[in-house]
Number of protein chains: 2
Amino acid sequence: MPCRVVQAIAAPVVLRQRRARLREAALTEIRSIARRLLVKEGSAAVTINAVAREMGVSGPALYRYYSSQRELIDALTSDFFRELIAAMRAAADHPAADTPGRRLLAISRALRSWANSHPAEFAWLFASRVPTSRIAQCSPDENNSGRAFCQVFLDQVVEIWETQRFPLPSLEDMDPSLAVQLHAYSEKIDGLLPPEAAYIFLTCWTRLYGLLCMEVLNQISFAYSDLEPVYEECLQELCRLLDIPYEPPRQAVDLAAE
Amino acid sequence: MPCRVVQAIAAPVVLRQRRARLREAALTEIRSIARRLLVKEGSAAVTINAVAREMGVSGPALYRYYSSQRELIDALTSDFFRELIAAMRAAADHPAADTPGRRLLAISRALRSWANSHPAEFAWLFASRVPTSRIAQCSPDENNSGRAFCQVFLDQVVEIWETQRFPLPSLEDMDPSLAVQLHAYSEKIDGLLPPEAAYIFLTCWTRLYGLLCMEVLNQISFAYSDLEPVYEECLQELCRLLDIPYEPPRQAVDLAAE
DNA sequence: AACAATAGTTAGACCTACTAACAAGCATCG
DNA sequence: CGATGCTTGTTAGTAGGTCTAACTATTGTT
């Protein structure tokens, strides 16, 4: 009899969770298949129908999980962003990254490393930004993902700034419009960096990310076959800007161990 | 009778040209409609059927002109490349651009100016590089367009190098792999620049183009609303690298006059 | 056991690219 | 001038895509 009561109370909860669990599993399986299709056959192969076929289920069934292809694509995009951010955070949390400067280098290398080991996914992140239609241009969600993504980098620059400072350019020498924008951005990040330091941060980010953009979009392949040393030169330059010591990357063996 | 003879000989030529002219007109009309669709409704709207509808002609008729959508897209891409390169060349040919340094600045500004006045087209040029499917990744034609495009910039750096020289980094301080790649690239451009100078050129190009990449792909909009002064700061940096005097851009009024 | 929510099905509307077969027009040749 | 052949258009149809509607079966709750 007590057993019966337990069932009557507990079973519904368990079963409700079971449904939720199954649903969750289906959602992740869909994304996982979509990702496999992207990697194996390119972004054009990521279609609702192809995923359904691969799942052994018929087309419209997927609409129970993602109500449109756009939604699936956005979910995939945000997966990749999360994974990339996690990889960068993991690099920063590595015990060998015991100073803000080392963390910054580790994060930067983790960024490129993820980009190179997941070229399809990284290119996908760009494709999500390039406006395919006028309306979907400024989706606020993607903008947030993008900011969260560069936030990891920003955090380290803030810490470097707070603990050690670095040389600043003078706002007076700049174009007034640039100064205004830097003030606005400094406010946007809650004054964590003064406008001049924000400029240095943005310069660093732009250099690094711009280089990566060109690499992943095949815009520089006519000159460089391997961008790793170029990237390292860029990191040296960043270290000069941020007044932190440059340290060459650890051996691949060490990196694999983490 | 002579008139008849003239007709008999001349008419076929004229008529053959007429056909070719009509065909040419149809080809350009197709591309023009496709471009209008791109600008107005985004890249996804550039479909064979949509263009045909817009032309008042039924679908498969277009296949007489472009045998596949890919071909039309490639033609459009190469149009944009040509137009952009022409804009850069025109800036270099302007009478006010009377030194290699001024030409370089003019070209750089023309590049960004075109990118900003034709955002859809410029983004399209990137999309053409991002691999949608594994196979079409390394189309040699696109690579050539890309190189021809940065060639305009390279030409000016070569001229600056030949006439005035600029300070060079030492190859010995670089990663050996980087030195090897620079040697290879120096040979690829027929030794117009020694490896060290090629590095400076590539650094300049990367900075400039990387910034533009980020702008057009909305990767930096979270911080800057107007990239013009940032771009100008970047140009100042390039001038320092190339040891040429920086000159601020002429007024918009002057620019409109050219 | 009855009811409701969930997850699947098929049919179909409406796109897309692209091919095949056919009809009309235009240029050329006898 | 008339016949021939190339060029350009047409329609019909295949195959695939997104997505909706209507229906069924399973599952969870009452």
Side-chain angles (χ1 to χ4, degrees), chain A residues 4-30 33-34 37-38 41-76 132-133 136, chain B residues 4-30 33-34 37-38 41-76 132-133 136:
Chain A
R4 183 106 186 82
V5 170
V6 166
Q7 266 193 335
I9 296 173
V13 177
V14 169
L15 289 169
R16 195 174 307 178
Q17 284 178 345
R18 193 187 91 97
R19 258 247 262 238
R21 220 173 42 240
L22 283 177
R23 187 172 180 81
E24 193 58 40
L27 285 166
T28 59
E29 189 192 356
I30 290 170
I33 290 173
L37 283 169
L38 164 66
E41 298 168 52
S43 61
V46 182
T47 69
I48 295 277
N49 281 359
V51 172
R53 250 194 318 274
E54 207 81 4
M55 263 182 92
V57 104
S58 260
L62 285 211
Y63 288 86
R64 298 281 175 199
Y65 300 95
Y66 291 101
S67 63
S68 73
Q69 193 197 26
R70 178 83 239 154
E71 212 170 275
L72 169 59
I73 282 176
D74 286 347
L76 214 53
T132 47
S133 86
Chain B
R4 184 106 184 82
V5 171
V6 167
Q7 264 193 336
I9 295 173
V13 177
V14 170
L15 289 169
R16 194 172 308 175
Q17 284 178 343
R18 195 187 89 97
R19 263 245 258 246
R21 221 173 43 239
L22 284 176
R23 188 173 180 80
E24 194 58 38
L27 285 166
T28 59
E29 189 192 356
I30 290 169
I33 289 173
L37 284 169
L38 164 67
E41 298 167 52
S43 62
V46 182
T47 67
I48 295 276
N49 282 359
V51 172
R53 250 194 317 274
E54 207 81 4
M55 261 182 94
V57 104
S58 260
L62 284 210
Y63 287 87
R64 299 285 175 194
Y65 300 96
Y66 291 101
S67 62
S68 73
Q69 193 196 27
R70 180 81 237 154
E71 213 170 273
L72 169 59
I73 281 175
D74 286 346
L76 215 53
T132 47
S133 86

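Residue numbers begin at 1 in each chain, while the letters A, B, ... track the order of the sequences. What you see is a predicted model, and the numbers here were worked out from it, not measured in a lab.
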field: Worked verdict on B:Leu27 versus B:Glu24 for side chain to side chain contact (heavy atoms under 4.5 Å, CB included)
entry: CA-CA 5 Å; B:Leu27 285 166; B:Glu24 194 58 38; 4.2 Å; yes
Write down the distance between [atom1] ([X]) and [atom2] ([N]), rounded to a whole number of angstrom.
X	N	atom1	atom2	result
A:Leu72	D:dG17	CG	P	14 Å
B:Leu22	D:dC6	CG	C1'	15 Å
A:Arg64	D:dT20	CZ	P	11 Å
A:Ile48	C:dC15	CD1	P	19 Å
B:Leu62	D:dT11	CG	P	14 Å
A:Asn49	D:dT18	CG	C1'	7 Å
A:Met55	C:dA7	CE	C1'	11 Å
A:Arg19	C:dG8	CZ	C1'	12 Å

Please check the phosphate of [N] (OP1 and OP2 only) for any side-chain N or O of [X] closer than 4.0 Å.
X	N	value
A:Tyr66	D:dC19	no
B:Ser58	D:dT11	yes
B:Arg23	D:dT8	yes
A:Ser67	D:dC19	no

From [options], pick the nucleotide closest to the side chain of [X]?
X	options	value
B:Tyr63	C:dA17, D:dC19, C:dA27	C:dA17
A:Pro60	D:dT20, C:dT19, C:dG8	D:dT20
B:Val57	C:dT16, D:dG9, D:dA21	D:dG9
A:Gln69	C:dC26, D:dT18, C:dT9	D:dT18

message: When you measure from the side chain of A:Glu54 to the backbone of A:Ala34, do you find a donor-acceptor pair of N or O atoms at a distance under 3.5 Å?
response: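 Answer holds: no.
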- prompt: Is the side chain of B:Glu71 donor-acceptor paired with the backbone N or O of B:Tyr63 at a distance under 3.5 Å, no angle test?
  reply: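 A pair under 3.5 Å: no.
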query: So, do B:Arg23 and B:Tyr65 sit near enough that their side-chain heavy atoms are less than 4.5 Å apart?
result: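 Yes, close enough: below the 4.5 Å cut-off.
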message: Tell me the closest heavy-atom pair linking B:Gly59 and B:Ile48, and the distance in Å.
response: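 Smallest interatomic distance, heavy atoms only, reads O-CG2, 4.2 Å.
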